[in-house]
Amino acid sequence: MNLSSDVTLIGGGIIGMLTARELNQAGASVTLIEKNLTGQESSWAGGGILLPLYPWRQAEAVNCLVAASLKRYPALCDDLLEATGINPEWTPCGLLMTQIHDFDLAYNWCSDFGIALQTPPKTICSGLETDWLNPLWLPEIGHVRNPRLLKALKQDLVNRGVHLLENCVISGIHSQNSRIERVSTDLGDFGITELIISAGAWTTELMATLLPDATQHRPAIFPAKGQMLVFDAEPNTLNAMVMTESQYLIPRRDGKILAGSTVELAGFDKTPDPEIREQLFNFATKLLPALQHYPVSRHWAGLRPGTKHGIPYIGRHPDFTNLSINAGHFRYGLVMAPASACLMTDLILQRPPIVAPEPYQLTAQH
Ligand SMILES: Cc1cc2nc3c(=O)[nH]c(=O)nc-3n(C[C@H](O)[C@H](O)[C@H](O)COP(=O)(O)OP(=O)(O)OC[C@H]3O[C@@H](n4cnc5c(N)ncnc54)[C@H](O)[C@@H]3O)c2cc1C
């Protein structure tokens with residue numbers, strides 16, 4: 001196997017895989033190294049809502065990537081379906097927010113970003129039990145079925161000839177004169193032209209272990225555990241996403257309804273917790289009492305790549321000429337992924353950037 005590519009990526013979540021695809025589309029040869037199987041970590045565990053929770057309360061740098069990604073999602077999902085036969089189920093079913101304390105901010109944000117906003121129609125609210133406060137209905141907001149998106153993406157990368165090295169353990173990253181020369185793995189050593197680290201919650205730990213001398217500009221990314229569960233409901237039990245405070249329900253096309261989520265600082269422990277299962281169950285069945293009739297078929301946890309302000313690191317490492325980072329997307333990596341992949345590719349290939357790159361540099365506040 002020829003392991004020398006124009007670009008090598010470490011980490012095969014949504015960020016690594018979409019970046020690999022974007023680079024491949026631009027004509028680069030790409031190798032992606034994943035320590036387990038691609039698309040099984042945070043990107044699998046997430047809900048797939050294509051909007052941050054209350055986006056008007058998020059950093060502008062997050063919303064810039066969100067806005068650019070929203071424009072790309074429908075075509076991305078269509079292309080992946082056509083290329084692989086796997087449907088990522090981009091579903092613009094609308095998002096209902098039941099309690100809004102900062103209505104003016106919400107209204108202004110939606111008009112600035114061109115997001116349709118309405119008073120919720122009665123049909124959307126029926127069957128829900130909650131304390132309504134200035135409810136908002138965003139009829140054009142959607143979700144994606146992220147496990148299927150990842151499956152389609154993996155198949156597409158294979159079809160395109162991207163070298164996917166799964167179950168591949170990296171034992172060393174070797175540099176000389178501010179340049180990454182070589183990566184050693186249990187599948188062999190190979191030379192590096194450009195290296196991108198997209199290892200999600202593991203990025204900081206990976207750099208501390210494998211690039212111990214690069215102490216100065218190490219991204220500050222921490223694991224933030226999130227738990228969810230899924231009810232095996234029937235289609236049309238719920239026809240839109242519903243958000244109350246920081247919890248939400250997401251209806252998939254086949255009737256399954258996801259309830260999420262938590263944000264817990266518990267290190268790299270991914271064990272689902274029975275108490276949280278009960279909390280999520282109570283939240284979901286209180287909000288949508290019809291859910292009491294359906295079984296919970298799965299409860300899981302994922303590790304988000306947390307950053308202090310939720311702003312990802314996307315850019316070149318200031319201390320190496322051929323090292324870049326694309327990681328730290330915290331709670332909104334699925335929605336920010338298409339624009340993040342494009343920005344990373346713009347920077348590597350010196351194309352005009354899709355959004356202003358400064359807020360995502362390693363030296364900026366995250
Ligand atoms: C419960 C929950 C709900 C969420 N809901 C949403 C949502 O509704 N909308 C939204 O936009 N986002 C959501 N998110 C956030 C989103 O899932 C993440 O921001 C996103 O998946 C991060 O993608 P990633 O590729 O950086 O990380 P990951 O998907 O975690 O991928 C990182 C990859 O790097 C690999 N790796 C690590 N170390 C190494 C190494 N040494 N060598 C090789 N490979 C390595 C890992 O095995 C992994 O496959 C949610 C997350 C959770 C947990």
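Counting starts at 1 for both ligands and their atoms, in listed order. The structure presented is a predicted model; accordingly, all values stated were derived computationally and were not measured.
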Can you tell me the protein heavy atom closest to [atom] and the distance?
atom	result
atom 29 (O) of ligand 1	Ser43 OG, 2.5 Å
atom 13 (C) of ligand 1	Arg331 O, 3.0 Å
atom 8 (O) of ligand 1	Ile49 N, 2.9 Å
atom 5 (N) of ligand 1	Gly47 N, 3.0 Å
atom 11 (O) of ligand 1	Val335 N, 2.8 Å

At a 4.0 Å cut-off, with the gap strictly under it, does some heavy atom of [X] reach an atom of ligand 1?
X	result
Gly48	yes
Ala201	no
Gly260	no
Trp300	no

I want to confirm something. Looking only at heavy atoms, which of Gly46, Ser42, Gly328, Gly39 is nearest to atom 2 (C) of ligand 1?
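Heavy atom nearest to atom 2 (C) of ligand 1 belongs to Gly46.
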So, does Glu264 use its side chain to make a donor-acceptor pair with the main chain of Ala266 at under 3.5 Å?
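Absent.
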Are side-chain heavy atoms of Thr130 and Trp132 found at a separation under 4.5 Å?
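Contact flag for Thr130/Trp132 side chains = yes.
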Salt bridge between Asp156 and Arg160, side-chain N to carboxylate O under 4.0 Å?
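Yes.
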Determine which pairs satisfy salt bridge (charged side-chain N to carboxylate O under 4.0 Å, His left out) with at least one residue from residues 292-320, sequence neighbours left out, and list them in order.
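Qualifying pairs: Glu194-Arg316.
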